[in-house]
Each structure stands twice: as structure tokens, then as C-alpha cells.
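Heads up, the thing below is written out as C-alpha cells.
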Amino acid sequence: MIEPKWQTAWDQQQAFRAFNPGEEIPASHPFAARHGVAGAVTAAQLPPKFYILDMFPYPSGAGLHVGHPEGYTATDILARYQRAQGRNVLHPMGWDAFGLPAEQYAVKTGQHPRVTTETNIANFTRQIKSLGFSYDWSREIATTDVEYFKWTQWIFLKLYNAWFNPETNRAEAIETLKYPADCITEAQQRAYRDAKRLAYVSEAPVNWCPELGTVLANEEVIDGKSEVGGFPVIRKPMRQWMLRITAYAEKLLADLDTIDWSDSLKEMQRNWIGRSEGAEVDFQIANCQLPIAEAKIRVFTTRPDTLFGATYMVLSPEHKLVPQITTAAQKEAVEAYKNFAATKSDLERTELAKEKSGVFTGAYAINPVNGEQIPIWIADYVLASYGTGAIMAVPAHDTRDFEFAQKFNLPVVQVVQPPNGQTAWQGFTDDGVAVNSGFINGLPTPEAKKKITAWLAEKGLGHKTVNYKLRDWLFSRQRYWGEPFPIIWKKDAAGNLYHEALPESALPLLPPTLEDYKPTADGQPPLARATDWLHLPDGSLRETNTMPQWAGSCWYYLRYLDARNTDAFVGKEVEGYWMGKSEVTKPGVDLYVGGTEHAVLHLLYARFWHKVLFDLGQVSTAEPFYKLVNQGLILGEDGQKMSKSRGNVVNPDDILVEYGADAFRLYEMFMGPLQDSKPWNTKGVEGVYRFLGRVWRLFVDETSETEFEQAETTATDKANFKLLALIALNASIKDVPATPAQLKALHTCIKKVTEDLDAMRFNTAISAMMVFISEAMKWETQPVSVLAAFLQLLQPFAPHLAEELWSKLQALKAGAPATSLPYAAWPKYDAALLVEDVIEIPVQVNGKLRDVIKVALTATAAELEALALKNENVQPYLAGKNVKKVIVLPKKLVNIVAV
RNA sequence: GCCGGUGUGGCGAAAUGGCAGACGCACAGGACUUAAAAUCCUGGGACCAUAAAAAGUCGUGUGGGUUCGAGUCCCACCACCGGCACCA
């Protein structure tokens with residue numbers, strides 16, 4: 001009964017509304033009372049902001065499991081803590097509501113995905129609200145709201161109408177693009193412009209998943225299978241929308257140093273971006289009919305120092321020079337191999353990876369450093385999409401080249417001497433000393449690289465360069481339940497298709513109503529079924545792809561700032577206040593908590609969008625999320641990952657019925673460090689439930705509670721919160737001054753809880769409160785002031801119980817006006833109250849503990865040494881030995897070194 | 001293969017280089033009760049010893065090292081978890 005009472009009260013008061021600059025603050029709101037502000041105030045008049053964000057959930061039909069509320073509880077505790085510390089706390093919640101399950105359900109039943117989505121959101125809302133989180137629900141958003149995805153489409157237009165200017169090193173409006181001299185006609189300029197946009201169309205082979213009926217981004221393909229569902233993925237050439245995230249590779253990498261994320265997460269992003277420094281080198285093709293300028297093959301290598309050891313070259317089967325250099329004799333074999341490589345699915349490519357394959361083209365290239373003719377092969381171990389799609393093979397010092405050379409009997413020439421004479425040079429890939437390498441002989445690898453790169457540059461044969469593994473982001477999906485692209489397709493006079501953006505005034509572009517959500521018979525996306533929608537009066541066609549689920553989650557944290565703004569995706573002043581940096585506030589989101597599964601997808605995409613918006617002057621920080629913490633997985637009671645098939649899923653609803661939200665919250669935090677994975681144990685919930693019971697019994701008079709229980713069982717109205725008034729406080733609670741011992745217990749607890757919350761050590765904070773309660777239970781009288789301070793510490797963890805007891809305690813305080821607990825100023829500890837007069841000092845002999853002595857705090861080093869040496873438990877260990885040295889750390893320990 | 005992380009009682013865990021195991025679960029014993037539940041109190045790393053204790057020895061994945069002193073720092077190895085993986 002306590003929990004619904006307070007949840008209702010918080011709702012009615014809008015207790016956790018976060019106020020924007022310029023927003024009307026009701027004088028009756030506790031925030032106004034705490035900070036002495038009311039009415040509309042400027043950003044400068046508001047207290048410093050604290051933006052604490054959860055990764056918003058996908059509202060699935062299954063509802064919450066116990067993993068979701070772990071992060072939410074942690075952020076809620078900190079939100080409440082920061083509120084008590086006097087911050088203006090922004091703590092919002094919303095829904096990542098586009099997605100496949102609702103669409104698949106629609107395909108099966110014909111029910112509109114929106115209906116399914118709304119039902120699921122309602123269920124999630126109920127579950128989340130039952131946990132007593134202090135979200136500002138007035139800012140709730142769903143990515144599927146028309147008013148939300150209008151702005152998602154708007155941001156897409158920003159990307160579409162921007163290009164990355166390498167000279168200024170940032171994105172700029174497409175209008176600033178200068179055309180080359182030979183770009184004259186409208187069509188030429190359009191083609192040039194379209195090729196530069198941050199959102200562009202590509203015809204490249206994509207990851208097609210037949211089972212899901214859609215393409216997937218590289219990041220969504222794991223081991224040749226779809227991340228969702230584990231279905232096979234094949235490569236298929238298709239026309240697709242791409243986002244030029246590669247233009248931001250360097251910034252995405254470099255700015256990791258400016259944010260407070262875990263090392264492992266940063267490392268994952270670094271690996272994904274995959275920067276590598278090296279050189280591009282041109283190899284002339286021997287005896288070639290092509291014009292001299294075109295008759296060369298450019299390769300990328302991180303080991304230019306091994307150039308003397310390049311004994312053959314390999315092109316990817318898709319390389320554009322392959323048809324031109326292949327000799328008549330090899331034509332058939334090369335064609336066959338190309339077909340073989342093209343039809344292989346990604347999965348097969350991975351499986352066949354162990355065995356190298358390839359075909360000789362019949363052509364030769366000239367090694368620029370020694371003029372030797374080396375054969376040119378094609379092989380699928382060289383990827384078309386990385387570097388230049390061609391390599392120089394140095395079998396002696398590259399594992400893959402070595403395997404290939406062994407299989408096809410190609411020559412292997414040593415050019416690096418391993419530093420350790422024992423190591424075989426064949427297949428040695430680390431740094432060493434250059435040998436058999438002409439003018440770089442004798443140089444260690446780093447110097448050899450430098451010297452030969454400089455030599456290549458001087459001769460015009462090559463230059464230093466940087467490559468990234470990161471690929472552009474495949475941004476279109478063949479789905480119904482996603483944001484439609486605000487794009488139309490037209491034909492020019494010559495009959496060529498081209499695309500054009502809708503004007504901003506045409507937003508939002510709604511998806512059409514459909515009877516059938518399946519793709520069309522000829523493989524077109526479901527939107528193509530809506531012929532009325534598809535065809536515009538002027539003969540142009542709408543784009544039928546939709547955006548991926550990531551689109552909505554790329555910027556939701558910005559919409560929360562100003563969720564009901566109809567004029568802009570976010571107001572400028574509002575954005576500046578919540579994301580801005582000051583002496584006390586961090587730039588961007590102060591704390592973002594979510595699962596590690598989004599390490600490279602969501603977090604990379606969102607950073608990319610944010611950087612584009614930053615370049616375009618739409619937001620004020622270069623990074624969206626200043627501090628990020630990944631909560632660990634909660635495993636089932638069997639220590640296995642929770643899953644339906646294992647039958648070890650714990651439903652929070654069941655725990656709530658049995659133990660209540662406060663115990664649930666407390667247990668989730670008490671299990672262990674937030675970042676660690678740990679198994680669920682319902683018995684553990686009982687432990688913290690017992691603790692809350694002890695808190696309750698410390699405060700409450702037993703007789704009155706019995707009366708309440710009787711009244712409750714006979715009451716007709718189960719939600720009659722007034723019955724709670726029957727419960728009286730324990731007679732031992734009095735408005736009297738606290739004793740020194742009581743103050744010491746309290747302030748020890750305040751110190752520990754405060755420090756632990758600052759460091760996000762929730763489990764040890766709870767244990768400190770347990771220690772305090774055990775202590776307080778022994779007291780004959782409990783001063784109101786001490787218990788009130790304790791309730792303030794407890795409030796972030798167990799807000800319902802704390803509020804109820806607080807409200808009763810306030811009545812007992814003579815004359816003091818009732819303060820709203822969530823806005824009561826966080827207690828400060830007084831270090832002077834914590835000092836002991838007599839302390840215990842361990843005494844060691846040769847590092848082993850032999851006794852513990854009690855001494856005055858003020859005992860000097862000399863006194864401690866004397867006490868330790870004559871200690872009777874220490875004496876036996878000194879017998880027959882010389883005391884060589886005595887280490888004395890006043891207030892800490894004594895260690896006697898004796899031999 | 002490469003990168004990152006983690007190894008502490010029966011279990012979840014705690015410990016600025018300074019008394020290892022706080023707090024909690026489970027367990028055992030006791031109090032209250034006709035009884036049970038709830039609650040309260042007590043105990044608890046292992047070994048050795050003992051009627052019981054005290055004392056003692058060992059103990060933080062393994063093996064070395066640094067230090068007066070190591071769960072904590074360094075080196076090597078093992079196991080598990082996560083990520084990447086023909087990226088030249």
C-alpha cells in the first residue's frame with residue numbers, strides 16, 4: 001500500500017519534473033522551494049544541470065526481465081542523489097519502438113504494428129512505473145511518434161544536404177561544394193554532388209538476408225549470419241542508401257580520448273574503426289596495352305619495409321583491372337574463379353577461410369625497388385572493400401601470403417631478420433632488421449619503413465597513408481515499420497533516374513496504410529505495395545526503403561531535452577543548458593548507462609550523428625555522452641544467461657508482488673558491482689527485504705501496526721491510503737539531541753554512502769546502511785534528527801519506505817516545516833565526529849600479525865615502538881633474534897624486523 | 001590468432017601496498033512459541049591440536065620476483081567471459 005501511495009503522490013505533484021530554461025516553475029513545486037526559484041527563469045538562474053540517461057528499451061511483447069531494471073535502478077539512485085545534492089536533474093525515459101517483431105506480427109495477423117507497439121509500451125510503462133523510478137514522464141517519447149520521427153527525417157535531410165569538406169575537416173552544407181572545371185552540365189554537377197553527400201546511394205554488394213527479407217549493416221552480421229535470428233546472409237548487389245561515417249573515422253577515434261568511458265569499450269570502438277598507418281605503392285604492369293598512366297596497380301601496405309620481399313601480387317576478384325590484364329590463356333580460369341567467389345555467401349567465405357584459393361592472371365608487375373617481374377594473381381583473401389583492393393604479397397613476413405605461397409609454390413624471400421637468432425624467418429611478422437633490401441639493409445623495421453616511404457615519395461612511386469576498417473553505414477532496410485525516407489525518384493531528359501529530397505515543409509512523411517506487410521512478389525519492399533502513396537502526380541516515385549532501427553536511437557537523448565518542441569528538433573538555449581559545460585557540469589550527457597551489446601552499433605552511430613549536427617551548428621558539444629557505464633548481465637539462478645529456452649527467466653512482476661519495489665531495487669544493487677555479470681538469487685532478495693523490515697520495525701510501533709493490519713483486512717477500499725495514518729512511530733523515537741556515539745554511527749554511514757555513490761559502489765553503500773541499522777537497533781532512544789538523516793540516505797535506494805517514514809517523522813519535529821524528501825539537501829558528514837580517542841594498532845613481527853594493541857590516537861612513533869617491543873605476545877618471536885629495524889606508521893601499524 | 005576483462009569461503013561479495021573474507025545468502029546451535037512462521041542472539045576459510053579451548057601452520061587460479069610487508073605492484077603461465085578476426 002505504501003508503494004502505490006507514493007507513486008500516486010509523485011505523479012500528482014509531478015515531483016520529478018525537470019525544468020527547462022524559460023519554463024514556468026510552479027511556486028508550489030518542491031523544486032521551487034529548494035532552489036528559491038519560481039516562474040520562468042533563465043539558464044543562469046537554474047541550478048547546475050545533471051543529465052542522467054538510460055538506454056531506452058525496445059518495448060517487446062515479453063515485458064521487462066530483471067536485467068532491464070538493473071541499470072534503471074542505478075541511474076535512479078544517482079538521479080535522486082544528485083537531486084538531493086542540489087542539481088537540476090534530467091532523468092527521462094522513452095521507447096525505441098520501431099523494430100522487426102511488431103512487423104513480423106503484422107505480417108502474420110494483419111494487425112497494424114502501431115497497435116502492437118502501443119500495447120507493449122503500455123505494459124512496459126506499467127512495469128517501469130511500479131518500480132518507483134523518478135523519471136520526468138512529461139518528456140516521454142517513442143521513436144514511432146509522428147512528432148518524433150518527423151525530426152528523424154529532418155536530420156536525415158541534414159545529412160543528405162551536407163558533405164564533408166576535407167579542407168575544413170568538417171561537414172558543411174552541400175551548397176558550399178565547389179565543382180571541378182569539367183563538371184559543367186546540370187547532370188554532371190548533380191552526379192558530382194550526389195557522390196559527395198553524407199547520405200548517398202550506392203550499388204555495391206550488400207548483406208542480404210533472405211529469411212528476414214532485408215539487407216543488414218556490416219555490424220549486424222556475425223559470422224556470416226544475421227545478428228537477429230541467426231539466419232544466413234549472402235552478398236547481393238543492390239541499390240542502397242549509405243551514410244558516410246568513414247569521413248568521421250579520425251574524429252570518432254581521436255575524440256574517444258575526451259570522454260570518460262571504460263577502456264574496454266573504447267578499445268572495442270578503436271578496433272572497429274581499425275586505423276592503420278602504412279603506404280600506398282604503385283606497381284607498373286609489365287607488357288601492357290593500357291596507357292602508361294593506367295597500367296599500374298596501387299596497393300596498400302603497413303610494411304613498406306618489406307617491399308624487396310614482394311614476390312607476387314594479389315588483386316581481389318572484383319578489382320576493376322582484372323579483366324584488362326588477364327591474358328587470353330588465363331581468361332577462362334579467371335572468369336570461373338570470379339564466379340566462384342561472387343556466389344559464395346559470407347558464411348561460406350568464413351568457413352572456407354582455412355584453405356587459400358586463387359588463380360594466376362597471366363600478367364606480371366614490376367617491383368619498383370628492384371625491377372623484378374612478379375606474377376599477378378587474384379584471390380578472395382584480398383578484400384575489394386579494404387585499402388585499394390590489391391596487395392603486394394610478402395610471403396616471408398605475412399602469414400596469409402605465406403600460406404598462399406606454400407599452396408601455389410611461389411617464391412619466398414627473406415627481407416627481415418628476427419631479433420632473436422633462434423626464430424625462424426619464414427612467416428616472421430614482427431619487427432626486426434631489414435636484410436636483402438638494398439639501401440635499407442641493416443635498419444630496424446620502424447626506420448626502414450620511414451626511409452623507404454620517403455624514397456617512394458621522392459620517386460613518385462608511393463606515399464604515406466592511413467586506412468580504416470570502418471565502412472560506410474548501410475542505412476536502408478526493406479521494411480514497413482521504420483521511418484520512410486523523405487526522398488523521391490525522378491527521371492531526367494536522358495531517362496536516367498535521380499533522387500531529390502522532399503522539402504522540410506513536407507515532413508513528417510508518414511508510411512502508407514497497408515493490408516499486407518510482406519515484401520512484393522518481385523522482391524520490392526512492402527512500401528511498394530501502396531501504389532497510391534508510391535506514385536506522385538508528377539510521375540515521380542517515392543523511395544520505398546525505410547531507415548534502420550538505429551536511426552531513431554541516434555538522437556533520442558537530444559529530443560528529451562525539449563520533447564514537445566514543435567518548431568525545432570531541440571531549442572538552442574535548452575540544448576545549451578542541458579548539454580553545456582561549466583565549472584561544475586560536464587559537456588553532454590553526464591552519465592549514460594546501458595548494456596555492452598551496443599558498444600559498436602548504437603554508440604558509434606549516435607556519436608557520428610552528433611558530430612555531424614555539431615559541425616552543422618545544431619548542437620554545442622562534439623560528443624554526446626560524457627560518461628558511459630555498461631551494466632553487467634544478470635544471469636539466471638543457474639549461472640547461465642537468462643533465456644526462455646533455459647526456463648531461468650525471472651520476471652520482476654513476481655518479485656514485486658512478493659517483496660515490493662524497494663526490496664527489488666535494493667537487491668539489484670546489493671548483488672555486486674554494477675559493471676559485473678552476476679547470477680540472480682531470489683534468496684538474496686529476502687536478505688534485503690529483512691533489512692527493510694528491520695528499518696520499519698526500528699521506526700514503527702508494533703501495536704499500531706497490528707491495528708493497521710486489522711483495519712486493512714476489513715477495509716473495503718484497498719487503496720485507502722488514509723489507513724496508513726493508523727501506524728504510529730516507535731515510542732523510543734524522540735526529538736532529543738544525539739549522543740556522540742549516535743552521531744559517530746550516523747556520520748560514518750553518511751560518509752560511506754556519499755563516497756560510494758560518487759563512485760557508483762551501490763553494494764557497499766547498502767552494507768554501510770545495514771551496519772548503521774544494526775547499531776541503531778541497540779539504542780534505547782533514537783533521536784529524530786539521526787533517523788531523519790538516515791532516511792535521506794535511504795531515499796535513493798528505497799524511496800517508498802523512506803518517504804512514508806519521513807512523512808511520519810516530520811510530524812514529530814517541533815515547528816519544522818515539512819520538506820519534500822527527494823528535495824531535502826543531502827546530509828554532510830562531519831569528520832570531527834568520526835575520530836576515535838583510542839585506536840587499535842596491529843603489531844607484526846617480520847610481516848606476520850602477532851598482536852593488536854590499544855593505544856591513544858595521539859601515540860607517537862617512539863611510544864608505539866616501545867609498546868610493541870615489550871608486548872608479551874610479541875616477545876617470544878624476538879627471543880634469540882636481533883631487532884634489525886622497526887617500521888612504525890603512527891595510527892596504522894608496527895612491524896618489527898628481527899633476524 | 002589478436003585485443004580487453006575476470007579469477008578471494010558452500011554461494012553473491014568486501015578490502016588508499018598495512019589485522020584477508022566487511023555486508024548478505026545458505027548452514028548450524030540457541031531464545032521466544034503448545035507448535036510453526038516471523039523475529040532476536042550466537043557460530044563459522046582450511047589444516048593441526050583438544051574433552052573443549054588457547055597456541056600454531058597454511059590460505060586470494062599456478063610459478064617466480066620487488067618490498068619490512070603483496071589479494072593489491074612486476075614477469076611468465078593456466079582457466080573462464082566478452083569483442084574482433086583473411087582488414088594487407
Side-chain angles (χ1 to χ4, degrees), chain A residues 222-223 262-272 274-276 278 299-303 306 310 314 316 349-350 352-356 379-383 385-394 397-401 403-404 429 467-471 596-597 599-600 630 632-633 635 637 639 641 666-667 670-673 675-688 690-691 693-694 697 702 752 761 763-771 774 777 840-852 873 876 884-889 892-899:
Chain A
I222 312 282
D223 291 338
S262 72
D263 287 340
S264 65
L265 190 59
K266 286 186 182 182
E267 205 53 34
M268 274 191 230
Q269 293 222 338
R270 285 193 192 107
N271 288 341
W272 193 266
R275 183 183 201 273
S276 69
V299 301
F300 173 71
T301 176
T302 56
R303 292 298 299 270
T306 60
V314 186
S316 69
R349 270 178 99 114
T350 322
L352 295 171
K354 291 149 206 144
E355 193 64 11
K356 292 272 179 295
D380 70 350
Y381 84 88
V382 173
L383 307 174
S385 50
Y386 183 79
T388 61
I391 61 156
M392 65 175 206
V394 185
H397 306 294
D398 182 283
T399 316
R400 297 148 302 183
D401 297 345
E403 283 170 16
F404 193 80
T429 57
N467 252 301
Y468 301 92
K469 284 203 305 195
L470 184 69
R471 308 290 155 79
T596 180
E597 66 273 20
V600 283
N630 287 126
L633 227 51
L635 309 169
E637 302 219 40
K641 209 167 170 170
L666 214 52
Y667 175 65
F670 189 62
M671 292 169 80
Q675 291 88 339
D676 292 2
S677 290
K678 55 241 157 198
W680 179 267
N681 177 7
T682 301
K683 286 283 186 196
V685 188
E686 280 179 33
V688 293
R690 279 200 276 266
F691 162 67
R694 284 204 297 280
R697 283 193 301 278
E702 214 178 312
K752 183 78 178 137
R761 290 185 300 248
N763 52 336
T764 50
I766 293 167
S767 106
M769 290 191 284
M770 289 173 166
V771 171
S774 302
M777 300 268 277
E840 294 189 335
I841 298 285
V843 179
Q844 301 176 340
V845 177
N846 293 333
K848 287 194 176 165
L849 180 74
R850 295 306 175 188
D851 202 3
V852 176
N873 286 330
K884 243 179 100 179
K885 192 166 158 192
V886 181
I887 289 144
V888 184
L889 300 173
K892 270 250 139 85
L893 117 169
V894 181
N895 186 17
I896 301 165
V897 186
V899 270

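Just so we're on the same page: letters track the sequence lines, and every chain starts at 1.
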task = Please work out if A/Lys683 contacts a base, only the sugar-phosphate, or nothing of the nucleic acid, heavy-atom cut-off 4.0 Å.
result = sugar-phosphate
Decide whether a cation-pi geometry holds between A/Lys356 and A/Phe404; the criteria are a distance under 6.0 Å from NZ or CZ to the six-membered ring centre and an angle within 45° of the ring axis.
no
Note to self: Under 3.5 Å, is there any donor-acceptor pair linking the side chain of A/Lys356 to the base of B/C86?
What the structure shows: yes
Side-chain atoms of A/Val897 come closest, of B/C84, B/C68, B/C3, to B/C68
- request: Indicate yes or no: at least one non-hydrogen side-chain atom of A/Asn630 is less than 4.5 angstrom from one of A/Leu265.
  value: yes
In whole angstroms, the gap separating C1' of B/A37 from CD of A/Glu686 amounts to 12 Å
Symbol by symbol from the 5' end, with Watson-Crick or G-U pairs under 3.5 Å, [ ] crossing and | another strand, RNA chain B is (((((((..(((.....[....))).(((((.......))))).(((........)))..(((((..]....))))))))))))....
Next item on the list: Please check if the side chain of A/Lys678 supplies one atom and the backbone of A/Pro673 the other of a donor-acceptor pair under 3.5 Å.
Entry: yes
Point to revise | Separation of the P atoms in B/C27 and B/C80, to the nearest angstrom | key: 32 Å
- Give a yes/no answer on whether the side chain of A/Arg690 brings an N or O atom under 4.0 Å of OP1 or OP2 in B/A26. yes
Take atom C1' in B/C58 and the same atom in B/G21, then report the distance between them in whole Å. 16 Å
Closest heavy-atom pair, A/Asn873 versus A/Arg850, reported as atoms and distance to 0.1 Å, is CB-O, 3.7 Å
*asked:* Base, sugar-phosphate or nothing for A/Lys892? Non-hydrogen atoms, less than 4.0 Å.
replied: base
Query raised in the report: Donor-acceptor pair under 3.5 Å: do we get one between A/Asn895's side chain and the base of B/C68?
Result: yes
#### Entry: Distance between P atoms of B/A14 and B/G7 (Å, rounded)
9 Å
Go through the side-chain N and O atoms of A/Tyr667 and A/Asn681 and say whether any donor and acceptor fall under 3.5 Å apart.
-> no
Review point. Can you tell me if the side-chain N/O atoms of A/Arg850 get under 4.0 Å from OP1 or OP2 in B/A55?
Key: no
- Message: If I pick the C1' atom on B/G10 and the same atom on B/A53, what distance separates them, to the nearest angstrom?
- Response: 26 Å
ask   = For atom P, what is the distance between B/C77 and B/A70, given to the nearest Å?
value = 24 Å
When you check the phosphate oxygens OP1 and OP2 of B/C40, does a side-chain N or O of A/Arg697 lie under 4.0 Å from one of them?
yes
inquiry  = Does B/G69 have OP1 or OP2 under 4.0 Å away from a side-chain N or O of A/Asn846?
reply    = no
Contact check, side chains of A/Asp401 and A/Ile391, non-hydrogen atoms, under 4.5 Å: yes
Hits for side chain to side chain contact (heavy atoms under 4.5 Å, CB included) against A/Glu597, two or more places apart or cross-chain, chain-then-number order -> none
Base orientation of B/G9, chi within 90° of 0 counted as syn, else anti, reads syn
**OP:** Classify the nucleic acid contact of A/Ser276 as base, sugar-phosphate or nothing, counting any heavy atom under 4.0 Å across all strands shown.
**Re:** sugar-phosphate
Margin query: Just to be sure I understand the rule, does A/Asn763 reach a base, reach only the sugar-phosphate, or reach nothing, if contact means heavy atoms closer than 4.0 Å?
Written below: sugar-phosphate
Quiz prompt | Span that lies between the C1' atom of B/G44 and that of B/C23, in whole angstrom | solution = 15 Å
Strictly below 4.0 Å: does A/Lys848 bring a side-chain N or O up to OP1 or OP2 of B/C58?
yes
| query | Are any side-chain N or O atoms of A/Lys266 and backbone N or O atoms of A/Ser264, one a donor and one an acceptor, separated by less than 3.5 Å? | reply | no
Exercise. Do A/Val894 and A/Ile841 have side chains that get closer than 4.5 Å, going by heavy atoms?
Worked result: yes
Rounded distance in Å between the P positions of B/A22 and B/A15: 12 Å
Open item on the list: Under 4.0 Å, counting only non-hydrogen atoms across every strand here, what does A/Arg270 touch: a base, just sugar-phosphate, or nothing?
Closed with: nothing
| said: What's A/Ser264 touching, base or sugar-phosphate or nothing? Going by heavy atoms closer than 4.0 Å. | reply: sugar-phosphate
- Determine the contact category for A/Leu889: base if any of its heavy atoms lies under 4.0 Å from a base atom, sugar-phosphate if only primed atoms, P, OP1 or OP2 are that close, otherwise nothing. base
Subject >> Pairwise P distance, B/U6 and B/C73 [rounded to whole Å] >> reply: 10 Å
